[in-house]
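These numbers come from the heavy atoms of this one structure, side chains and all, not from hydrogens, waters or symmetry mates.
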2 protein chains.
Amino acid sequence: MAAGELTIDQKIKYVQDTLFVISGKWKLPILMAINSGNNRFRDIQRALPGITTRVLSKELKDLEENRLLKRTVYNASPATVDYTVTTYCRNLKPLVDEMIKWGENHRAELKKEA
Amino acid sequence: MAAGELTIDQKIKYVQDTLFVISGKWKLPILMAINSGNNRFRDIQRALPGITTRVLSKELKDLEENRLLKRTVYNASPATVDYTVTTYCRNLKPLVDEMIKWGENHRAELKKEA
DNA sequence: CTGTATCCATGATGATACTG
DNA sequence: CAGTATCATCATGGATACAG
């Protein structure tokens, strides 16, 4: 098999890995919110109507563990915390772009024969 | 705003729509299995180690409702059923390809500083 | 072969209140 | 501001048995 080629089983495995990392309602939206300039906990929450502090807190931790974002604490008073996406996180852009395109198109598709 | 441009809120919305449709451990793997030549219930199940009939059955229904696959019944004896991906489903290919690439790379990334 | 019916475990998500 | 602590709820997925 030529280099770079994968078996269907490997492909399925990698897709499942990816699904696992970005799974859930909020992970990608959180990254998108941060990436578009919302770097503080409160800002992120405001940018994502419906998310609770508990969920946001947990998701931020997961994303940090997967090296998709970085958490920086500033010991000012009141203490502030900054979240920024990592360079590694930017690898997700093509994927996210595809999801935006597909989601947009899918909405149109479902309308067709509603 | 130029045509085709989306606000960050719209983007998040579309990404969430897409996530909703492909969410879960099995939907994309099922489509991939069917697409690579497993068109019968039993074949799909065999191609996806770990999936149960209950889950497969439910996922197939969801996918059919989202127009991603087509179910055809042949009234032979014993009755056979054929699942095929729709043309619309093929729109997912760029997305799936990106997920394969990302999943493959992510595995390497996590190994780096294990 | 192609499913359906139950039952059950777990995790994901949500509501709310509270702390440093 | 930036979370944590509890409690409640719901969806997902799995085990197993059975039916047409």
Review point. Please give, in whole Å, the distance from D/dG3 C1' to A/N39 CG?
Key: 17 Å
Check your understanding: Is it true that a side-chain atom of A/T18 and a backbone atom of B/W102 form a donor plus acceptor pair closer than 3.5 Å?
Key -> no
**Study point:** Under-4.0 Å side-chain N/O to phosphate OP1/OP2 contact, B/R42 with C/dC1
**Key:** yes
Review point. Can you find a side chain N or O atom of A/Y83 that sits less than 4.0 Å from OP1 or OP2 on D/dG3?
Key: yes
Check your understanding: For B/S57 and B/R46, take the nucleotide of DNA chain C holding the closest heavy atom to each; which residue's nucleotide lies nearer the 5' end?
Key -> B/R46
Review point. Less than 4.5 Å apart, any side-chain heavy atom of B/N105 and any of A/Y88?
Key: yes
Point to revise | Atom-to-atom span, CG of A/L56 to C1' of D/dA2 - whole angstrom | key: 10 Å
Point to revise | SB check A/D62 A/K58 (cutoff 4.0 Å) | key: yes
Practice item. Check whether any side-chain heavy atom of B/L28 sits under 4.5 Å from a side-chain heavy atom of B/M99, and report yes or no. Key: yes
Check your understanding: Rounded to the nearest Å, what distance is computed from the CD atom of residue A/Q16 to the P atom of nucleotide D/dG13?
Key -> 10 Å
Check your understanding: So, is A/Y74 close to the D/dA2 phosphate, meaning a side-chain N or O under 4.0 Å from OP1 or OP2?
Key -> no
Exercise for review: Report the distance from atom CZ of A/F41 to atom P of D/dC1, rounded to the nearest whole Å.
Suggested key: 11 Å
Check your understanding: How is B/R71 classified with respect to the nucleic acid when contacts are heavy atoms under 4.0 Å: base, sugar-phosphate, or nothing?
Key -> sugar-phosphate
Point to revise | B/N91 side chain reached by A/E109 side chain, heavy atoms, under 4.5 Å | key: no
**Study point:** Distance in angstrom units between B/L63 CG and C/dG3 C1', rounded
**Key:** 16 Å
Exercise for review: Decide whether B/Y14 and A/H106 meet the rule of one side-chain donor and one side-chain acceptor closer than 3.5 Å.
Suggested key: no
Exercise for review: Starting from P on D/dT12, measure out to CG on B/L60 and report it in whole angstrom.
Suggested key: 15 Å
**Study point:** Base versus backbone protein contacts along nucleotides 13-20 of chain C [heavy-atom cut-off under 4.0 Å; B, S, -]
**Key:** BBB-B---
Review point. Expressed in angstrom and rounded to an integer, what is the separation of B/N38 atom CG from C/dT2 atom C1'?
Key: 16 Å
Review point. B/K61 has a side chain; which of D/dA2, C/dG3, C/dT4 sits nearest to it?
Key: C/dT4
**Study point:** Heavy-atom donor-acceptor pair, A/K27 side chain to A/S23 backbone, under 3.5 Å
**Key:** yes
